[in-house]
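Here is the structure we will look at.
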Amino acid sequence: MNEITSSIAFLKQQKWVDLSHNIYGGIPYFQSFQPMQEKTLVTVQADGFFAKEYRLVTQYGTHIDAPIHFVEDRISVDQLAIKDFLLPLIVIHKEAAVAKNPDYSLTVADLENFEAEHGKIPAESFVAFASGWWKRWEEPEKFYNVDPEGQAHTPGWSLEALKFLHEERQVTAIGHETLDTDSAVDCTKNGGLLGELYWLSQDKFQVEVLSRLTELPAVGGAISLGVPKVKDAPGFNVRAFAIVPND
């Protein structure tokens, strides 16, 4: 075998973790959109083959956001470099902090503490924020976590942390378990998703609504993304999975 085929054989022996949620009409979604709709067009019994029609917004379920999602005349999904769909995976575990404070914003200090324990975050990597929020997925009201006054309480990245990852560490992409990059409280306070705008403005992408990040090691793994090539799309549902050491 050559190096590529032997590398595949090695990877097959490792632990593979599906990071994507199943999608259907009843999942949590960004409230400006609509739930997915589906319709059976033909069946095997009646027509000899089975086909369905799905109607869903580009940002639905576990999905990728391309720069054009927030910034005009920037890169769309089909223009992203395919080599960036397989990246070293860094996971920042802050589940305990989020359990105590659902408004938690991941900080530069969190990243520096991570590096003190695990080493410098490598350039051209994918950095994921593990908050444990994915465990609320089957209960949409808990996932939205809106108080009686209408304010949502969900965790996110601080703008300063995102600037650190781009400017100081040259990270390729980020990911998280929630519907938004910024915490809900920060979004309200700042009048918008300033963290998400900043990140996408750097011609970088992100993956939202990831699942099972709590099961992954902080370092030593890789993330792979299955991304449809839809012309000019600002995002799309993806199949994300991690490959981590089997020990």
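What you see is a predicted model; the values in this text were computed from it and never measured. These values consider heavy atoms only, across backbone and side chains, with no hydrogens, waters or symmetry-generated copies.
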Item to check | Y198: ring-ring contact (aromatic ring centres under 6.0 Å, His included) partners, not counting sequence neighbours | outcome: none
Checklist entry - Is it true that the side chains of D103 and H153 contain a donor and an acceptor less than 3.5 Å apart? => result yes
Checklist entry - Listed by chain and number, what are the side-chain contact (heavy atoms from CB on, under 4.5 Å) partners of Y54, not counting sequence neighbours? => result M36, E38, K52, L56
Item to check | Exercise: do E3 and S6 side chains pair donor with acceptor under 3.5 Å | outcome: no
Checklist entry - Which pairs pass ring pair (Phe, Tyr, Trp, His ring centres under 6.0 Å) with one or both residues in residues 17-44, sequence neighbours excluded? => result H21-W137, F30-F33
Checklist entry - According to the ring pair (Phe, Tyr, Trp, His ring centres under 6.0 Å) rule, which pairs have a member within residues 210-247, sequence neighbours left out? => result W16-F241
Next on the checklist: I'd like to check V127 versus L89 (side-chain heavy atoms, cut-off strictly below 4.5 Å). Are they in contact?
Outcome noted: no
Checklist entry - So do V227 and K229 actually touch side chain to side chain, heavy atoms under 4.5 Å? => result no
Item to check | Results of side-chain hydrogen bond (donor to acceptor under 3.5 Å, both in side chains) for T181 - residues two or more places apart only | outcome: E196, Q206
Next on the checklist: Assess, by modelled atom type and distance only, whether the side chains of W199 and H166 contain a donor and an acceptor separated by less than 3.5 Å.
Outcome noted: no
Next on the checklist: I'd like to know whether CD of Q45 has more than 12 heavy-atom contacts from other residues, nucleotides or ligands below 6.0 angstrom.
Outcome noted: no
Checklist entry - Any chance CG of L41 has more than 12 other-residue heavy atoms, nucleotides or ligands included, within less than 6.0 Å? => result yes
Checklist entry - Among F129, Y104, F164, which one satisfies ring-ring contact (aromatic ring centres under 6.0 Å, His included) with W157? => result F129
Next on the checklist: Do L210 and L80 sit in one hydrophobic cluster, given that two such residues count as connected whenever their side-chain heavy atoms are within less than 4.5 Å of each other, even indirectly?
Outcome noted: yes
Checklist entry - Can Q59 and D65 be counted as having a side-chain donor-acceptor contact under 3.5 angstrom? => result yes
Checklist entry - Going by heavy atoms in the side chains, are K135 and E177 under 4.5 Å from each other? => result no
Next on the checklist: For S211, give me all partners under side-chain hydrogen bond (donor to acceptor under 3.5 Å, both in side chains), at least two apart in sequence or on another chain.
Outcome noted: none
Checklist entry - Just checking, any donor-acceptor pair under 3.5 angstrom between side chains of W134 and T178? => result no
Checklist entry - Regarding E124 and T172, is there a side-chain donor-to-acceptor distance under 3.5 Å anywhere? => result no
